[in-house]
**Q** 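Here it is, the structure, as structure tokens.
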Amino acid sequence: MRKLIIAANWKMNKGPQDTAAFINEFNGLLNGETDKVDIVIAPAFISLPKAQELLASSAVGLSSQNVSDQDSGAYTGEVSVSMLKEVGVEYVILGHSERRTLYGDTDAFINSKLKKTLEAGLIPIFCIGETLEQRESGQLETVLETQIKGGLVGIDAADLTDLVVAYEPVWAIGTGVTATSQQAQDTHVIVRRILADQVGQELADKVRIQYGGSVKPGNANELFSQPDIDGALVGGASLEAQSFCELAQIGAAL
Ligand code: PGA
């Protein structure tokens, strides 16, 4: 049985002050949900130390939204894995479609960041997903396969035991359009099959595959009830403590 993992991807929202307000409220709302589901918050880099301070006595995990593929040195504007570890980060979101389309993160670049993340003992939340055009022109499987194989190339299966994959159809991100739970389930089966090809069935059965794209309290129960959906990567609905907590409650109640 895979434990659900529900992660808040705040994107470029919430500086340290808003982060503190959210976490203080969220801590007060939680009521044992973290015993049943893994809850993770991914603030902007600048807000990580504040989040670490306020989550110190909580089981909520901390994630960054990106990382450098280099260890240190002349890389202006970059943040390394060791810097992230210093502020208590445990997870790193990689390959988000916004990074792929707006900032040119290629499969090869994501692969090198993934390797750094794993070497540092951090857990990647590895995002993949197709555009509507790709889905409608029958390229879904090819696109997912290219992203998964390209992202994981050269990495030993043994190093991927904690890997989290986030399947996020690009057409459902921030649009209010969610894949139906059946569409999501069917695609998660495909993702798991591609993973099995790459890392073996045993590990593929253990990897948690989150769904992402307009997840909110109103659709979470149906999504989380699907056998291959192991949680969610949540943007918009994670910005309010109340609605993010509702997602945790829905997951914990299953
Ligand atoms: P959304 O974003 O929940 O606002 O659609 C999800 C994501 O981009 O991770």
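Just follow the structure's listing: the first ligand is 1, and inside any ligand the first atom is 1.
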**Q** Could you pull out every protein residue that has a heavy atom closer than 4.0 Å to ligand 1, ordered by chain and then number?
**A** N9, K11, H96, E168, A172, I173, G174, G213, S214, L233, V234, G235, G236
**Q** Assess whether a salt bridge exists between K116 and D71, defined as any Lys/Arg side-chain N lying under 4.0 Å from an Asp/Glu carboxylate O.
**A** yes
**Q** Could you list who else is in Y103's hydrophobic cluster, with ILVMFWY side chains joined at under 4.5 Å, directly or through other members?
**A** L102
**Q** Which pairs of donor and acceptor atoms, one on a side chain in residues 183-191, lie under 3.5 Å apart (sequence neighbours left out)?
**A**
unit_1: Q183; atom_1: OE1; unit_2: T180; atom_2: N; d: 2.9
unit_1: Q185; atom_1: OE1; unit_2: D228; atom_2: N; d: 2.8
unit_1: Q185; atom_1: NE2; unit_2: D228; atom_2: OD2; d: 2.9
unit_1: D186; atom_1: OD1; unit_2: Q182; atom_2: NE2; d: 2.8
unit_1: T187; atom_1: OG1; unit_2: R135; atom_2: NH2; d: 3.1
unit_1: T187; atom_1: OG1; unit_2: Q183; atom_2: O; d: 2.7
unit_1: H188; atom_1: ND1; unit_2: D228; atom_2: O; d: 2.9

**Q** Can K149 and D197 be counted as an ion pair, charged N to O under 4.0 angstrom?
**A** yes
**Q** Counting only heavy atoms from other residues, nucleotides and ligands, does the tally under 6.0 Å from CD of E240 exceed 12?
**A** no
**Q** Which other residues end up in the same hydrophobic cluster as I93, if Ile, Leu, Val, Met, Phe, Trp and Tyr are linked when side-chain heavy atoms come under 4.5 Å apart?
**A** I5, V40, Y91, I123, I125, V164, L233
